Amino acid sequence: MYDKALSKRASLVFTNKIFAYALAVSEENASMGQVVTAPTCGASGVVPGVLRAMKEEYELVEKHILRGLAIAGLVGNLVKHNATISGAEAGCQAEVGTACSMAAAMATYFMGGSLDQIEYAAESAMEHHLGMTCDPVGGYVIIPCIERNAICAVRAVNTAVYCMSTDGKHTISFDEARKTMKETGKDMCSAYKETSDGGLAKYYDKILVGSEE
Ligand code: SF4
């Protein structure tokens, strides 16, 4: 993925680097290597993927990186303490949804966003993951998790770009999106909460059984 990124049109190099870096961290997690839980192991590729690619693209210095991480950490902690970051409790909206929210807020800061734009990015990234289920195939944090980290890392940057093109005013607050995520998670059937009893996990089993026949 990284090699391909270098051969892309200039406008796509950045996107493909985000994919490559997010995949690298998620693969490190899947191989039981060392990762930072941001906010969880399963969602650990999003924030580092965005951070590494933006560090290169925006030539970020340490001071900005630390502030960006502080913003991402603040968003993650707000969700952790006032809702949940557990896929077993509320589905993947709580894991990758929160990671996307953290990364979008951080990316908006790197782009020079105002506090309103940063909060908007955190809110919007969470809002558009509401209802996302957790259905790891075979109970392993591999499918759909690894690819999902890469896709959602790019989504975080795109969310930041979107919010930067506004004046930061928005209707739903981050706190309301966070509360909604918590309630949606409560209403979600257990098959979609890390049990691998539903969703892709169930469908993929069917494919495997079908191919053996
Ligand atoms: S699908 Fe489940 S296990 Fe995989 S990243 Fe999302 S919450 Fe974690």
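Both counts, for ligands and for their atoms, begin at 1 and track the order of listing. This is a predicted model, so every value here is computed, not measured.
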K.L.:
Side chains of Phe110 and Leu51: closer than 4.5 Å at any heavy-atom pair?
P.N.:
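Side-chain contact under 4.5 Å: yes.
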K.L.:
So which heavy atom on Ala83 is nearest to which on Met181, and how close?
P.N.:
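Of all heavy-atom pairs spanning Ala83 and Met181, the closest is CB-CE, 4.1 Å.
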K.L.:
So, at under 2.8 Å, which protein N, O or S atoms would a careful student list around atom 6 (Fe) of ligand 1?
P.N.:
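Listed by chain and number, the nearby protein N, O or S atoms are Cys92 SG.
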K.L.:
Please tell me whether Ser114 and Gln117 have a donor and an acceptor in their side chains that are separated by less than 3.5 angstrom.
P.N.:
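The criterion, which ignores hydrogens and geometry beyond distance, is satisfied for Gln117 and Ser114.
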K.L.:
Answer whether the closest heavy-atom distance between the side chains of Lys179 and Asp175 falls below 4.5 Å.
P.N.:
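Answer yes - side chains close enough.
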K.L.:
For the residue pair His128 and Arg155, confirm or rule out a side-chain donor-acceptor distance under 3.5 Å.
P.N.:
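There is no such pair between these side chains.
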K.L.:
Would you say that Val157 contacts Phe14 through its side chain, given a criterion of any heavy-atom pair below 4.5 Å between the two side chains?
P.N.:
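Yes, their side chains come closer than 4.5 Å.
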